[in-house]
Structures are given as structure tokens and as C-alpha cells.
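First listed ligand is number 1; within each ligand, the first listed atom is number 1.
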Amino acid sequence: MTASIETRTFHDQPALVLRTPGGAQAVVSLFGAQVLSWTPAGGSEWLYLSPQARHDGSTAIRGGIPVCFPQFATLGKLPKNGLVRTRPWSLGEQRSGDDFALVTLTTSEDDASYAAWPQRFSAEVTVIIENERLGVEFEVENTGHASFAFTAALHTYLRVREVENARLEGLHGHEYRDAADNDRIKRDSGEALVVEAETDRVYHDVQRPLLLRDGWRSLGINVEGFPDVVVWNPWEQRCAQLPDMPANGFRHMLCVEAAAARRRIELDAGEQWYGRQTLIAL
Ligand SMILES: O=P(O)(O)OC[C@H]1O[C@@H](O)[C@H](O)[C@@H](O)[C@@H]1O
């Protein structure tokens with residue numbers, strides 16, 4: 001038996017379902033090239049998808065792994081978190097073997113993106129699953145004649161049983177910009193990060209793998225290419241302001257994002273850049 005890739009609808013939007021013979025499964029929406037669900041073999045769902053997420057193409061889907069490009073958050077004049085999470089992507093390559101399934105989705109500039117951000121680019125998101133592993137790779141090429149600069153993120157919403165009981169390890173000693181406290185620059189001194197209030201941090205130059213402990217289960221988080229890690233939880237008050245989140249949604253999610261946020265990435269004409277986040281169920 002080999003792994004499989006099936007095209008179907010998910011909340012009425014076209015999606016791909018990747019499965020390994022061992023029982024791992026991921027759902028990838030063509031809207032935004034967004035992974036919406038991931039269950040490793042023998043495990044339980046690791047991605048948070050809001051039960052109130054909108055799937056009608058009118059706005060970004062709240063949950064899963066939104067792709068933020070060419071702007072992370074509000075670091076510029078473009079719409080928050082960029083232009084590509086709210087557009088349909090095309091299916092490029094799909095491949096499977098005995099123990100993996102892989103799909104590549106592509107997009108490039110169009111009239112609307114060019115009006116907002118006058119650059120020519122092509123972007124690819126490759127999603128690969130193995131039994132215990134989910135890899136998401138974002139690649140961008142400058143297909144124009146002039147250089148451009150961007151910020152970006154894989155805005156991963158992890159599902160946790162109770163956020164106050166989850167521990168994120170590996171950020172000790174790192175400097176971060178605290179967007180929940182007037183963008184003050186601070187240094188993490190705790191053994192582990194436990195979220196007990198609104199949290200919106202950009203950790204700089206994180207080279208180490210991270211470990212998320214969520215009760216009896218743990219998740220390894222590896223990043224290549226993206227220099228920064230963003231940790232976000234809106235907590236009660238901000239969550240109440242999000243129309244696509246239930247009131248208690250913040251308790252069951254923790255965003256741990258692979259990001260290029262502190263410094264913009266510069267790409268000359270014809271140049272490519274890629275970054276990858278890998279989640280490993282332990
Ligand atoms: O509501 P959005 O556009 O999906 O953004 C969610 C959050 O994304 C986070 O990554 C940002 O750091 C937050 O500031 C932001 O609020």
C-alpha cells in the first residue's frame with residue numbers, strides 16, 4: 001500500500017487530503033494553500049481550526065497554517081498578514097510513495113496583488129506528510145526585473161487541550177519584541193513559556209528546535225530558513241473581538257509561527273528564497 005492524495009471539498013472549498021498507510025492525514029485547502037488539519041499516525045489532531053472560521057473565500061480562514069506573504073502582521077502598508085492567504089492557489093506537483101505524500105501549490109502576482117504591491121513573483125507551498133511528521137515549505141522567486149523585500153510567516157495554529165497547561169520549551173535566553181507590551185525588546189528568562197495572558201512576541205534568530213508539551217503528548221518544531229519565531233495567543237479580550245473565534249477558542253490554540261519578521265528578506269531579480277517548518281509528533 002502507498003500513501004494517497006485525494007481531491008475533495010472541505011467546508012465547501014476544494015482541498016487535498018493526504019494520507020499515509022500508517023494512518024497519518026493532512027487536509028490542505030487550495031484557498032490560501034493552507035493546511036487545515038494534521039493528525040499523525042496513531043495520534044490526535046495537532047492543528048487548531050476555529051469552529052467559526054469562514055470558508056466562503058471572503059476572508060482568511062482562522063486556523064491551520066495560514067501563509068503570510070509579502071507582509072507579516074502589520075509590518076507595512078499592505079493588508080494585515082499579506083496578500084496570498086485570501087486567494088485560490090493552483091495545484092502543481094503531487095507525489096506519493098510507501099510512506100509519504102507530497103503536494104505543491106503555486107501562485108503568482110495578478111492584477112489585484114500588483115495594484116497593492118507592484119512586484120512580480122511566483123510562490124510555492126509544498127506540504128509533505130510522513131507518519132509522524134508534517135513539513136510545510138514556502139518558496140518565493142522574484143520573477144520581475146527589480147529587487148524587492150518582504151516579510152513572511154507560516155502562521156501555525158497549534159491545538160492544545162488547555163493553553164495554560166501547555167509548555168513551549170527552547171526559547172530561553174532569546175531576545176524578543178513584545179507586541180503585547182508596546183513593542184518593548186525583552187529577553188526570555190523562563191525555563192519554558194507558559195501562556196497565561198495575551199501573548200504576541202517575535203523571538204529573534206531562533207536556531208534551536210522547540211518542544212511543545214501538551215499534557216501527555218509533545219510536538220517537536222523545527223525551522224529552516226525563517227530566522228524568527230512568533231508566539232501568539234489573543235487571550236480572552238482580543239479573542240472576543242475576533243468574529244470568527246468562539247469565546248473560549250483562545251484556550252485551545254497557541255500559534256507558534258516560523259517567521260521572517262525582524263528584518264525584511266531582500267530578493268534580487270531572478271533570486272529565490274525558501275523557508276520550512278517541520279512538526280514532529282513525539
Ligand atoms: O487576525 P489575523 O490577521 O489573522 O492576525 C492574527 C495575529 O497574527 C499574529 O501573528 C500577530 O502577531 C498578531 O498581532 C495578529 O493579531
Side-chain angles (χ1 to χ4, degrees), residues 11 29 31-36 47-87 113 116-117 125 136 138 150-160 163 168 171 174-186 188 193 195 197-204 206 210 212 221 223 226-247 249-265 275 277 279:
H11 292 278
S29 174
F31 184 71
Q34 193 162 329
V35 184
L36 296 181
L47 297 181
Y48 177 81
L49 176 61
S50 168
Q52 288 173 212
R54 303 253 297 267
H55 295 272
D56 58 5
S58 65
T59 185
I61 301 170
R62 175 77 58 196
I65 310 184
V67 177
C68 306
F69 171 84
Q71 177 184 298
F72 170 70
T74 50
L75 295 177
K77 293 182 183 143
L78 295 177
K80 192 175 181 192
N81 283 324
L83 303 170
V84 299
R85 64 178 182 159
T86 47
R87 54 157 65 196
S113 76
W117 190 59
V125 167
V136 182
F138 175 70
F150 65 91
T151 51
L154 297 172
H155 194 306
T156 306
Y157 285 74
L158 297 173
R159 171 177 288 278
V160 290
V163 73
L168 182 61
L171 293 168
H174 284 85
E175 182 189 83
Y176 63 93
R177 174 170 62 79
D178 191 348
D181 185 14
N182 297 310
D183 286 335
R184 288 207 167 87
I185 303 294
K186 302 179 178 175
D188 197 304
L193 175 61
V195 169
E198 185 194 347
T199 303
D200 195 353
R201 302 180 178 181
V202 179
Y203 283 87
H204 301 154
V206 179
L210 305 179
L212 178 69
I221 305 168
V223 174
F226 289 101
D228 307 315
V229 167
V230 174
V231 181
W232 180 62
N233 182 292
W235 210 250
E236 194 167 3
Q237 223 178 330
R238 277 200 197 278
C239 184
Q241 293 162 3
L242 299 171
D244 51 2
M245 281 287 276
F250 72 97
R251 294 208 172 276
H252 304 300
M253 58 149 281
L254 180 62
C255 284
V256 182
E257 310 166 31
R262 184 190 185 195
R263 295 185 204 91
R264 298 193 308 165
I265 310 254
Q277 188 185 48
L279 307 180

Legend entry - Pairing of K186 and D181 as salt bridge, 4.0 angstrom limit: yes

Legend entry - Side-chain heavy atoms of Y203 within contact of L193, under 4.5 Å: yes

Inset, instruction - Return yes when atom CZ of R238 has more than 12 non-hydrogen atoms of other residues, nucleotides or ligands closer than 6.0 Å, and no otherwise. - result: no

Inset, instruction - List the closest protein heavy-atom neighbour of atom 11 (C) of ligand 1: residue, atom name, distance to the nearest 0.1 Å. - result: D200 OD1, 3.7 Å

Legend entry - ligand 1 contact by R177, heavy-atom criterion under 4.0 angstrom: no

Inset, instruction - Determine, using heavy atoms of R62 and all atoms of ligand 1, whether some pair is separated by less than 4.0 Å. - result: yes

Legend entry - Enumerated ligand 1 atoms positioned under 4.0 Å from heavy atoms of F72: 10 (O), 12 (O)

Legend entry - H155 contact mode with ligand 1 (heavy-atom cut-off under 4.0 Å): side chain

Inset, instruction - Over all heavy atoms of both residues, which pair between R87 and S113 is shortest? Give the atoms and the distance, please. - result: NH2-CB, 3.2 Å

Inset, instruction - Record the part of R85 in heavy-atom contact with ligand 1 below 4.0 Å; permitted values are side chain, backbone, both and neither. - result: side chain

Inset, instruction - List every atom of ligand 1 that sits less than 4.0 Å from any heavy atom of E257, numbering the atoms from 1 in the order shown and giving each element. - result: 9 (C), 10 (O)

Inset, instruction - Look at atom 5 (O) of ligand 1 and say which protein heavy atom is nearest, naming residue and atom and giving the distance to 0.1 Å. - result: N81 ND2, 3.3 Å

Inset, instruction - Note the single closest protein heavy atom to atom 16 (O) of ligand 1, along with its residue, its atom name and the distance in Å. - result: K80 NZ, 3.0 Å

Inset, instruction - Among all protein heavy atoms, pick the one closest to atom 6 (C) of ligand 1 and tell me residue, atom and distance. - result: W232 CH2, 3.5 Å

Inset, instruction - Run the salt-bridge test on D183 and R177 with the 4.0 Å N-O cut-off and return the result as yes or no. - result: yes

Inset, instruction - Say whether, by atom type as modelled, one donor and one acceptor occur between the side chain of Q277 and the main chain of V256 under 3.5 angstrom. - result: yes

Inset, instruction - May I ask you to check whether over 12 heavy atoms, not counting those of Q241, lie within 6.0 Å of atom CD? - result: yes

